[in-house]
Asks: 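I have a structure here, written as structure tokens, and I will follow up with some questions on it.
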Amino acid sequence: MTLSEIEKARADSLAEIAVADAAAAEALRVKYIGRNGIITALIKAMKDVPKEERPAFGRAVQEWKSAAAAAIAGKSSVAAQGDRGVEADLTLPGRWFGLGVKHPLTRVMEETAEIFGRLGFSVADGPEIENRFNNFTALNTPPHHPSQDRADTFWFGDDLLLRTQTSPVQIRTMMANKPPIRVICPGRTFRRDTTDATHSANFHQIEGLYVDTLPDKPVSLADLKSVLAYFAKSMMGAGATVRFRPHFFPFTEPSVEVDFSCHLCKGAGCAVCKQSGWIEVAGAGMVDPRVFKHVGYDPEKVSGYAFGFGVERIAMIKYGIPDIRWLYENDVRFLSQLG
Ligand code: PHE
């Protein structure tokens with residue numbers, strides 16, 4: 001073929017493709033650029049073209065091939081829309097596949113980090129597999145304490161275990177840093193609980209720890225209460241309040257259990273708060289001097305508070321989720337309601 005013959009053949013082929021439907025376009029693809037196609041044959045025949053004409057000839061053939069391929073490709077995408085019943089109306093909006101949303105537990109943990117971040121707390125982290133010292137001994141929990149029992153804790157032999165609380169991150173943080181310390185530690189925790197509507201063997205906590213130096217910066221239970229009241233309002237809404245009930249934890253003295261006013265009935269009493277108007281959300285207290293000794297701090301020179309929130313608890317009352325299992329089943333009908 002001469003150059004002008006190529007020019008003409010190219011114009012003819014593009015006209016032919018322009019009027020073809022999707023099925024005909026496939027036949028034309030085979031005819032022109034298939035393995036034995038007309039353009040393919042010209043490319044193969046290039047070696048017989050006199051040397052000086054080869055560059056111009058090659059360029060013309062390649063351009064023809066690109067133009068034909070693009071025209072054929074355009075046909076098949078229009079055809080695909082036609083197959084979906086859209087009748088090639090290119091003005092219709094595209095299909096919407098929906099965006100993913102953050103899981104409620106992730107939301108609660110991120111929001112908690114953001115709220116405490118405003119108060120000067122940073123986020124600390126620790127491993128899910130801990131040792132006995134960090135999870136129990138340094139937290140003043142003796143070997144005979146029921147929480148160390150094989151029936152309550154997942155042990156790997158005598159020393160390693162799946163952490164039963166985020167409190168070991170307190171120990172790690174204090175051993176690695178000097179006061180002042182202000183951290184929160186969101187993470188996974190594990191206990192040998194049988195799963196039901198309010199229990200799960202794998203759940204999440206958010207630990208908090210504030211330690212400062214004595215005598216210049218004493219930390220009090222009132223400081224703890226004011227920080228938790230601020231957190232309650234930020235997380236649950238301006239009307240939320242907290243109350244402390246006396247309790248016992250081996251690693252805090254005094255110890256309290258922390259209730260939020262019921263988010264659903266605003267304190268009036270409902271089925272979720274068992275008519276009490278309050279929901280338990282955390283354990284807390286002033287760091288026990290024995291814990292300070294275990295991490296190498298002088299209890300005469302420091303004081304501090306610690307708290308541990310249940311993340312599932314907060315998510316369930318914040319979003320009105322009646323069954324903890326919904327948080328782990330990954331049913332998009334449930335998860336997408338938070339979008
Ligand atoms: N670790 C305790 C629990 O899991 C909660 C807690 C944390 C209590 C910090 C006091 C201080 O129940």
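First listed ligand is number 1; within each ligand, the first listed atom is number 1. Residue numbers count from 1 along this sequence. The shown structure was predicted, so the numbers you read here are calculated from the model rather than taken from an experiment.
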Asks: For residues Trp64 and Ser13, is any side-chain donor paired with an opposing acceptor at under 3.5 Å?
Replies: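 Yes - a donor-acceptor pair under 3.5 Å links their side chains.
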
Asks: Which of the numbered atoms in ligand 1 are below 4.0 angstrom from a heavy atom of Gly308?
Replies: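 What qualifies from ligand 1 is 6 (C), 7 (C), 9 (C).
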
Asks: May I ask you to identify, for Met286, whether its side chain, its backbone, both or neither come under 4.0 Å of ligand 1 on a heavy-atom basis?
Replies: neither

Asks: Would you say Glu16 and Tyr32 are linked by a side-chain donor-acceptor pair, where the criterion is simply a distance under 3.5 Å?
Replies: yes

Asks: Is there a salt bridge (charged side-chain N to carboxylate O under 4.0 Å, His left out) between Asp125 and Arg188? Walk through the geometry before answering.
Replies: CA-CA 11 Å; Asp125 199 10; Arg188 246 173 198 225; over 6 Å; no

Asks: Among protein heavy atoms, which sits nearest to atom 6 (C) of ligand 1, and what does the distance come to when rounded to 0.1 Å?
Replies: Gly283 O, 3.6 Å

Asks: Would you check if there is a donor-acceptor pair between the side chains of Gln165 and Gln205 at a distance under 3.5 Å?
Replies: no

Asks: Parallel under 30°, tilted from 30 to 60°, perpendicular over 60°: which one fits the rings of Phe116 and Phe121?
Replies: perpendicular

Asks: Counting heavy atoms only, which of Ala282, Gly208, Gly310, Ala306 comes nearest to atom 11 (C) of ligand 1?
Replies: Ala306

Asks: For atom 12 (O) of ligand 1, find the nearest protein heavy atom and state the residue, atom name and distance (0.1 Å precision).
Replies: Phe249 CE2, 3.7 Å

Asks: One residue to check: Ser167. Relative to ligand 1, which of side chain, backbone, both or neither has a non-hydrogen atom less than 4.0 Å away?
Replies: side chain

Asks: Go through ligand 1 atom by atom and flag the ones less than 4.0 Å from a non-hydrogen atom of Gln205.
Replies: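 Under 4.0 Å from Gln205, ligand 1 has these atoms: 3 (C), 4 (O).
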
Asks: Give the numbers and elements of all ligand 1 atoms closer than 4.0 Å to a heavy atom of Gln170.
Replies: 9 (C)

Asks: Any N/O of Thr252 closer than 3.5 Å to an N/O of ligand 1?
Replies: no

Asks: Hey, does Arg191 sit under 4.0 Å from ligand 1 if you only count heavy atoms?
Replies: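 Checking ligand 1 against Arg191, which is what was asked, there is a heavy-atom contact under 4.0 Å.
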
Asks: Please identify which atoms of ligand 1 are closer than 4.0 Å to at least one heavy atom of Ala284.
Replies: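 Those atoms are 8 (C), 10 (C), 11 (C).
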
Asks: Check ligand 1 against Phe251 and write out every atom of the ligand that is under 4.0 Å from a heavy-atom position of the residue.
Replies: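 What qualifies from ligand 1 is 1 (N), 2 (C), 6 (C), 7 (C), 8 (C), 9 (C), 10 (C), 11 (C).
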
Asks: Have a look at ligand 1 and work out which part of Phe307, if any, has a heavy atom under 4.0 Å from it: side chain, backbone, both or neither.
Replies: backbone

Asks: Can you check whether Phe154 and Phe190 have ring centres sitting under 6.0 Å from each other?
Replies: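 Phe154 vs Phe190: aromatic centres not under 6.0 Å.
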
Asks: Quick one: does Asp149's side chain have a donor or acceptor within less than 3.5 Å of a partner on Asp152's backbone?
Replies: no

Asks: Taking distance alone, with N or O pairs closer than 3.5 Å, would you say Glu207 contacts ligand 1?
Replies: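 By distance alone, the answer is no.
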
Asks: So if I apply the salt bridge (Lys or Arg N to Asp or Glu O under 4.0 Å) rule between Asp259 and each of Arg245, Arg313, Lys274, which one comes out positive?
Replies: Arg245

Asks: Can the ring centroids of Phe249 and His247 be said to lie less than 6.0 angstrom from one another?
Replies: yes

